[in-house]
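In what follows, every chain begins at residue 1, and chains take the letters A, B, ... in the order their sequences are listed.
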Amino acid sequence: MKCIKCRGQAIIELRRHNAAFCASDFLDFFRNQVREAIRKYRMLTPHEPVMVAVSGGKDSLALWDVLIDQGYDTTGLYLDLGIFEYSVESRARCEKFASARGVPLVISRVADEVGAPVPVIKQVTRRPPCSGCGLSKRYLINRVALEHGIPVVATGHNLDDEAATLFGSVMHWQTDALPRQSPALPSTHPRLVRRVKPLYRLSEHETAAFAFLRKIDYIVEECPFAKGATSISHKEMLNRMEEASPGAKHNFLFGFLEKGRPAFERTERVALNECARCGQVTSGTVCAFCKLADQVKRAV
Amino acid sequence: MTMVVLRNPRREVRVAGDRRVKDILRELDVIPETVLVIRGDELITTDQVVRDEETLELRPVMSGGGGLEAGRSGPRPDAAAALPR
């Protein structure tokens, strides 16, 4: 298989683009896709600091690598979830990455903020571990960015992540979630930072290939609690569709963003308040994070 | 025989070599887009022929959990059991 750019030996085939690339041209393709995502949704501006939420996995470290390469003023944020050896290993990958590139990394421990690590939160709440984990991540990412005066957070969500989330929302017709799914979410309150997903145009196969080619030392092992997660089964279904029909995931997500999402955007806005306890944004009186922390503190 | 290294959990299987990667993936019931195919320190495409005595790593790309044990991104348990060791 030949690179469509230089006719050299290809190292990756992108069936949905009917293309194949050598290593050098693939890296250019990848960076151009990130550039296009940022341009199309006006995600970032050159002189504005951006916080990159990193997990030690391929997506977030690949994103951080590209943003540094493109000259953005980045600060990494690693949330230590306290998930046994997995968290120890993933934190070490983030620290190594930041140290090698001389960029700042902020570390926040969920156990310090909630009162217990994710495995204990799982036991206390008796909910799927991804539930308390996701809630804590969303809350802490926003709060830490605000505390550092950084107006925008970039996450490593890729095309597969976004298509799987959309699939789950459509399966349950979560019409309140559909308008919120976007590569770029604006700040709708002074205490909410913007959130952007510059990798939404790239599949996880592509982010993995980029990380490999850039020799990024990322954690290949998966979170022990993710096994059996609904999002994984949705990804598997979408991969079957993609195998039969290259471009299926791309068309599903991009079609939604262009045609479906506007139809679900509501004209009324949910009223946002500041939590009576912590001051972060909530649609109620006390935010879900404070309620979770209360529940954990009562049990631990 | 070609050695294939699988991850999550890490294990090794042997398959007939002198075939294209896509044929090996088909035998192992692996969808190409769910793995990086690594030979030595290089990525290779699925039309490449793998020789006997060479080693391939199939590195899962799925994030969020699962990996090769979680169904179509890797050999099903029954398929793996049927492979020659």
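For chain B, the nearby part of A:Ser203 is the side chain; its heavy atoms alone come within less than 4.5 Å. Contact annotation for A:Phe21: neither backbone nor side-chain heavy atoms come within less than 4.5 Å of a heavy atom of chain B. Only the side chain of A:Glu242 comes within contact range of chain B, with heavy atoms under 4.5 Å apart. Using a 4.5 Å cut-off between heavy atoms, A:Leu14 makes no contact with chain B at all.
Between B:Asp47 and A:Met1, the closest heavy-atom pair is OD2-N, 2.7 Å. Contact between A:Glu221 and B:Asn8 at its shortest, heavy atoms only, is CA-OD1, 3.4 Å.
Note on A:Glu206, A:Glu13, A:Gln9, A:Arg15: by heavy-atom pairs under 4.5 Å with chain B, the leading option is A:Gln9. Most heavy-atom pairs under 4.5 Å with chain B: of the set A:Ala10, A:Ala209, A:Ala20, A:Pro246, this distinction falls to A:Ala209.
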Side chain to side chain contact (heavy atoms under 4.5 Å, CB included) evaluation trace for A:His205 with B:Thr34: CA-CA 6 Å; A:His205 187 248; B:Thr34 64; over 6 Å; no
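Along residues 36-44 of chain B, the residues that come nearer than 4.5 angstrom to chain A, judged on non-hydrogen atoms, are B:Leu36, B:Ile38, B:Asp41, B:Glu42, B:Leu43, B:Ile44 in order of number.
For the atom pair A:Asp160 CG and B:Met62 CE, the distance stands at 7.5 Å (nearest 0.5 Å).
Put simply, the side chain of A:Lys58 gets close to the backbone of B:Val61: a donor and an acceptor are under 3.5 Å apart.
Using a cut-off of 4.0 Å between Lys/Arg side-chain N and Asp/Glu carboxylate O, B:Glu33 and A:Lys249 are scored as salt-bridged.
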